[in-house]
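Here's the structure we're looking at; comments come further down.
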Amino acid sequence: MAQIFCCIRSQDRTKPRRRPRPLARHLGISLATCAVLLTAFILFLLVGLSLPIIKSIYLFTITFATNPDQPPTSVATQLRLGVWGLCARSARDPPDGGECFGPMLGYSIPPEVLALTGFPALVQDVGKGVTVLLVLHLVAAALAFVGVFTSLFLESHAFCIVSLVTTVFTLLVGLIVFGVDLALILVGKSRVGPLTDFNYVANWGPALWMVLAGVILSFIGMILMSVVVCECCGVGREHHRHHHRPSAEKR
């Protein structure tokens with residue numbers, strides 16, 4: 001008996017462990033989860049690289065009221081704020097032109113840019129709030145990218161759990177980012193009004209809706225991974241039948 005036991009142990013040691021293979025199980029769910037998380041990753045990353053790196057993507061704009069009878073001047077009438085900086089645009093500048101500052105981590109607005117607006121305190125206050133968002137956008141993008149990778153290896157239950165946890169954290173960080181982006185313009189409005197006698201228009205930029213789309217996609221990815229981990233809606237039944245059928249035939 002001792003020799004047989006030692007023989008079995010030696011065979012178990014020499015038997016190589018099977019590595020999880022990509023797309024080996026739950027092909028449809030794996031591809032769907034990978035697609036939604038990849039799209040969420042791209043959206044979060046683009047917002048994280050917003051103005052002034054990508055000038056067409058910004059968090060919000062502040063447009064100051066001007067006299068229509070006044071000729072165009074070099075005074076900035078519109079501010080566009082992004083994650084890495086801001087741009088001050090006058091009536092003489094092209095749509096994507098103007099004086100931009102950045103990109104820089106934790107930027108502080110220089111006096112020459114403040115002078116373009118005529119409201120130094122306003123821009124300084126809003127700029128400090130925007131810099132807080134830097135890390136959160138990129139963290140959400142990084143978590144979504146990890147989820148893209150792990151969602152390909154659903155053959156391993158450990159990878160399924162890791163992918164589910166990653167999508168949950170992606171959703172939570174995305175919700176925080178969206179909430180801060182949404183609150184930022186509300187706080188900006190409350191500070192802009194007294195300084196400009198309420199002669200302004202503040203609007204959300206495309207970055208806010210891109211973050212919202214990323215949050216929705218992260219939620220869909222979380223639902224798909226929850227179905228796999230919990231084996232709901234018939235997921236996993238075919239795998240159990242395949243493994244239990246040979247044992248039933250032997251009996």
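- Under a hydrophobic clustering in which Ile, Leu, Val, Met, Phe, Trp and Tyr are joined whenever their side-chain heavy atoms come within less than 4.5 Å, directly or via other members, Val146 and Met222 fall into different clusters.
- When all heavy atoms of Arg80 and Lys55 are compared, the pair lying nearest together is NH1-O, 4.3 Å.
- Atom CG of residue Leu208 and atom CZ of residue Phe178 lie 5.0 Å apart, to the nearest 0.5 angstrom.
- Within the model, atoms CG of Leu31 and CG of Leu152 stand 8.0 Å from one another, a figure rounded to the nearest 0.5 Å.
- Using a 4.5 Å cut-off on side-chain heavy atoms (C-beta onward), Leu81 and Tyr58 make no contact.
- One finds the CD1 atom of Ile57 at 4.5 Å from the CG atom of Leu46 (value rounded to the nearest 0.5 Å).
- Closest approach of Leu49 to Trp84, counting heavy atoms only: CA-NE1, 4.0 Å.
- Here the shortest heavy-atom pairing between Val177 and His137 reads CG1-NE2, 3.1 Å.
- Within the model, atoms CG of Leu171 and OG1 of Thr166 stand 12.5 Å from one another, a figure rounded to the nearest 0.5 Å.
- At least one donor-acceptor pair under 3.5 Å links the side chain of Ser50 to the backbone N or O of Val47.
- Scanning both residues, Ser151 and Ser30, for their nearest heavy atoms gives O-OG, 2.5 Å.
- Using a 4.5 Å heavy-atom threshold, the side chains of Thr167 and Leu164 count as touching.
- Placement of Leu51 and Leu59 in two distinct hydrophobic clusters is found when ILVMFWY residues are connected by side-chain heavy-atom separations under 4.5 Å, directly or transitively.
- Screening Thr150, Leu154, Ile29, Val165 for a side chain to side chain contact (heavy atoms under 4.5 Å, CB included) involving Cys160 leaves a single residue, Leu154.
- Phe159 and Phe153 get closest at one heavy-atom pair: CB-O, 3.1 Å.
- Here the closest heavy-atom approach between residue Pro52 and residue Cys100 is recorded as CB-CB, 4.2 Å.
- The distance from the CG atom of Leu43 to the CH2 atom of Trp209 is 14.5 Å, given to the nearest 0.5 Å.
- Linking ILVMFWY side-chain heavy atoms closer than 4.5 Å, directly or via other members, places Val162 and Leu37 in two distinct hydrophobic clusters.
- Phe44 is listed as a side-chain neighbour of Ser218, based on a closest heavy-atom distance under 4.5 Å.
- Rounding to the nearest 0.5 angstrom, the gap separating the CD1 atom in Ile176 from the CG atom in Asp181 is 12.0 Å.
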